[in-house]
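Please read the structure below before turning to the comments.
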Amino acid sequence: MADDDEPVQHCRLDTGVDIPNALEAAGIEYLDVDDTRTIVIYQSAILMLTATEGEASAARAFDVALWEPPVEDADRDPVDLLTRFIDDIVATVDGSRR
């Protein structure tokens, strides 16, 4: 899990989403950790995505935490980065946030 000082955003979806398939469809690199956690490389940042409702293969809600900022833009606003990541995933699956 993320430390208290690591930026985290929560996302709840209308339907279950297969996170690995959504990441592949968006062209985002990732590594499965277990049934609920996935390490993601997004715009050269390292994120930890954790399904909080369901498993990664059918998540209805997830948290995403910034583990390492982007290499090329370490001063980038972490909230903006996480928001864009969530927006990209939601758009890829033609879903909507609740």
Side-chain angles (χ1 to χ4, degrees):
M1 286 304 290
D3 291 337
D4 289 340
D5 60 343
E6 291 175 330
V8 176
Q9 283 203 17
H10 313 282
C11 179
R12 179 171 299 282
L13 302 162
D14 286 338
T15 60
V17 171
D18 185 326
I19 298 294
N21 282 346
L23 293 168
E24 284 185 28
I28 298 171
E29 294 181 63
Y30 69 95
L31 175 64
D32 291 322
V33 176
D34 58 28
D35 290 342
T36 60
R37 296 179 300 158
T38 306
I39 296 172
V40 177
I41 300 172
Y42 179 73
Q43 297 182 4
S44 79
I46 300 175
L47 313 176
M48 174 56 82
L49 189 149
T50 304
T52 57
E53 188 176 318
E55 294 184 350
S57 61
R60 292 187 58 95
F62 62 86
D63 291 346
V64 61
L66 177 64
W67 272 14
E68 294 290 330
V71 174
E72 300 90 27
D73 192 7
D75 295 330
R76 182 171 178 186
D77 178 26
V79 173
D80 176 60
L81 178 75
L82 296 176
T83 299
R84 286 183 185 268
F85 171 75
I86 291 172
D87 290 346
D88 284 352
I89 293 300
V90 171
T92 297
V93 299
D94 293 325
S96 60
R97 293 175 78 167
R98 292 196 283 155

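- Residues forming a side-chain hydrogen bond (donor to acceptor under 3.5 Å, both in side chains) with D75 (at least two apart in sequence, or on another chain): none.
- Hydrophobic clustering keeps I41 apart from L49 (ILVMFWY residues linked when any side-chain heavy atoms are closer than 4.5 Å, directly or through intermediates).
- Hydrophobic cluster membership differs between V79 and W67, with clusters built from Ile, Leu, Val, Met, Phe, Trp and Tyr side chains linked at under 4.5 angstrom.
- Side chains of I86 and Q9 form a contact here, defined as non-hydrogen atoms less than 4.5 Å apart.
- Checked against side-chain hydrogen bond (donor to acceptor under 3.5 Å, both in side chains), S44 has the following partners two or more places apart in sequence or in another chain: E72.
- Side-chain contact between I39 and M48 is present, with at least one heavy-atom pair separated by less than 4.5 Å.
- For the atom pair OG1 of T38 and CZ of F62, the computed distance is 10.5 Å after rounding to the nearest 0.5 Å.
- In this structure, the separation between OH on Y42 and CD1 on I89 is 8.0 Å, given to the nearest 0.5 Å.
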Side-chain donor-acceptor pairs under 3.5 Å in residues 24-32, sequence neighbours left out?
from : atom 1 : to  : atom 2 : distance (Å)
E24  : OE2    : Y30 : OH     : 2.6

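- Residues A65 and L82 share a closest heavy-atom pair of C-CD2, 4.3 Å.
- With sequence neighbours excluded, the residues forming a side-chain contact (heavy atoms from CB on, under 4.5 Å) with D18 are P20, N21, S57, listed by chain and number.
- With sequence neighbours left out, A45 forms a side-chain contact (heavy atoms from CB on, under 4.5 Å) with L47, L66, P70, L81.
- The salt bridge (charged side-chain N to carboxylate O under 4.0 Å, His left out) pairs that include a residue from residues 81-91 are D80-R84, where partners are two or more places apart or lie in different chains.
- Distance CG/D35 to CZ/R37: 10.0 Å, rounded to 0.5 Å.
- Taking OG1 of T92 as the start and CG of L23 as the end, the distance is 8.5 Å to the nearest 0.5 Å.
- Residues L13 and R60 are not in side-chain contact: their nearest non-hydrogen atoms beyond the backbone lie 4.5 Å or more apart.
- Between T36 and G54, the shortest heavy-atom contact is CG2-O, 4.1 Å.
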